[in-house]
Amino acid sequence: MAEIDYGMSIIDSAASPGTSCGMARALASGSPPKRPAFVSTQVSEARRYFLDLRPRPTRDITVVCGGCERVRADYRVERSTFPYYAIEFVAEGEGQLTLGGREFRLRPGAVFAYGPRVPHLIRTEPARPMLKYYVDFVGLRARQLMDRSPVGPGGFAQVSAPGEIRALFDLVQANSIAEPPFAAALCAALIPVLIHKISEQAVAGSDANPRALATFQRAKRYLEEHADSLKTLEQAARGCGVNLSYLCRLFQRFDRQTPYRFLLRMKMNRAAQLLLDDGLLVKEAAAALDFPDAFTFSRTFKLIFGLSPAAFLQQSQR
């Protein structure tokens, strides 16, 4: 399941291994599994999964539960603590968040985390009810990963590519219905990926300007789609509808690389495809990507990938 199916209304699913006895009996009887007390009922539509509601203390990551919910206009969740680590992601709508005594505005692309001893208050804008994803988990390794990210317990971030974060939450959800014991293992394996992706996409500052962020996303897509034909950053900036200095400021604010480095990486990804899949010679690939000569092309290739085109081809043929 790549997307939540709102034709299904509110659906709770559970895997039999690791579930509580009450949930196992509910599954056996064919009745819907009983929601844990911490799961909000102030939702109009939802798809949730429950993998292990009695997790044991362990170093490894164990996913407890998660899901996707469209909240009602009266949605308000206030807790002084929480038994697990939790990451939430706002896909649509708006709201307000009080997290560990700090105030944040919730809008699409907002990601936040809480856990034991982290008080939090989550509210939605009644006129724009939120659609949000969440995943709850335990494990020492998870805590270590979170502590090195912008979304450690009590952390908040705005991400520059919300679609990528949403896709990962959807992937966790899709794997939650795999055959036991694969569901638990697959979902647990995706938690580090999710945390690392949030860290990569986190925007400096907690209140990113939506218009500037949208311009950055459009510019990055343009560079990615036209990397083959773009010769200079000035040309790239014109194609994005901004001046060069503003393009550089956008990347400085919303990314961890310059537009020049990003454009080079896109070109070299294409170069690797031309060399490996299309069988072009180095000089032919250089010409196809408008490099002045094979030497400049090879030097750029090594700058990005750490090895020359010849070494890349030799390694790929092993």
Side-chain angles (χ1 to χ4, degrees), residues 36 38-40 48-52 55 57-69 71 75-124 130-162 164-173 176 187-208:
F38 59 80
V39 174
S40 175
R48 309 186 188 93
Y49 53 90
F50 304 96
L51 294 178
D52 190 345
T58 178
R59 177 176 178 81
D60 295 331
I61 298 172
T62 300
V63 175
V64 177
C65 60
C68 181
E69 302 174 329
V71 305
Y75 181 84
R76 175 190 170 98
V77 170
E78 185 172 12
R79 308 184 186 99
S80 60
T81 188
F82 195 70
Y84 317 116
Y85 301 125
I87 297 178
E88 298 209 16
F89 166 71
V90 178
E92 299 175 16
E94 295 184 3
Q96 298 83 38
L97 170 68
T98 304
L99 189 61
R102 297 182 298 162
E103 302 288 333
F104 300 97
R105 180 182 173 188
L106 295 177
R107 59 186 175 217
V111 184
F112 57 96
Y114 49 88
R117 299 177 297 281
V118 179
H120 49 280
L121 169 62
I122 310 167
R123 295 167 292 170
T124 192
M130 292 184 292
L131 169 68
K132 61 187 185 70
Y133 289 76
Y134 70 95
V135 61
D136 302 335
F137 49 91
V138 299
L140 177 60
R141 181 163 177 256
R143 176 58 191 260
Q144 291 171 339
L145 287 170
M146 294 175 74
D147 284 346
R148 296 194 294 267
S149 81
V151 286
F156 176 93
Q158 193 79 25
V159 296
S160 60
E164 295 182 17
I165 305 301
R166 183 172 184 168
L168 278 173
F169 271 99
D170 280 330
L171 189 58
V172 176
Q173 181 114 27
S176 70
C187 291
L190 287 167
I191 297 302
V193 180
L194 177 64
I195 294 172
H196 288 312
K197 196 64 181 178
I198 291 170
S199 299
E200 180 207 18
Q201 298 290 344
V203 173
S206 61
D207 192 28

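Residue indices begin at 1 and follow the sequence shown.
Arg141 places none of its side-chain heavy atoms less than 4.5 Å from the side chain of Ile191. Lys197 is not listed as a side-chain neighbour of Val111, based on a closest heavy-atom distance of 4.5 Å or more. A 4.5 Å side-chain heavy-atom check between Tyr133 and Val172 finds every atom pair outside the cut-off.
A distance of 8.5 Å separates CD of Gln173 from OH of Tyr134, quoted to the nearest 0.5 Å. Remark: Ile195 CD1 to Tyr85 OH distance equals 10.5 Å, nearest 0.5 Å. Taken from CG in Asp136 to CD in Glu88, the straight-line distance is 7.5 Å, to the nearest 0.5 Å. Between Leu97 atom CG and Leu121 atom CG the span is 7.5 Å, to the nearest 0.5 Å. Residue Leu106 holds its CG atom at 7.5 Å from CD1 of Ile122, rounded to the nearest 0.5 Å. In this structure, the separation between CZ on Arg76 and OG on Ser40 is 12.0 Å, given to the nearest 0.5 Å.
At least one donor-acceptor pair under 3.5 Å links the side chain of Thr124 to the backbone N or O of Met130.
Taking the six-membered ring where the residue is Trp, Phe156 and Phe112 present parallel rings, their angle staying beneath 30° rather than reaching 60°.
Dense packing is recorded around CZ of Arg79, with more than 12 heavy atoms of other residues, nucleotides or ligands lying under 6.0 Å away.
Test Arg123, Arg107, Arg105 against Glu94 for salt bridge (Lys or Arg N to Asp or Glu O under 4.0 Å) and you get one pass: Arg105. Paired with Phe89 under the rule side chain to side chain contact (heavy atoms under 4.5 Å, CB included), one option of Leu168, Ile198, Ile165 passes, and it is Ile165. None of Phe137, Phe38, Tyr114 except one satisfies the side chain to side chain contact (heavy atoms under 4.5 Å, CB included) rule with Tyr84; the exception is Phe38.
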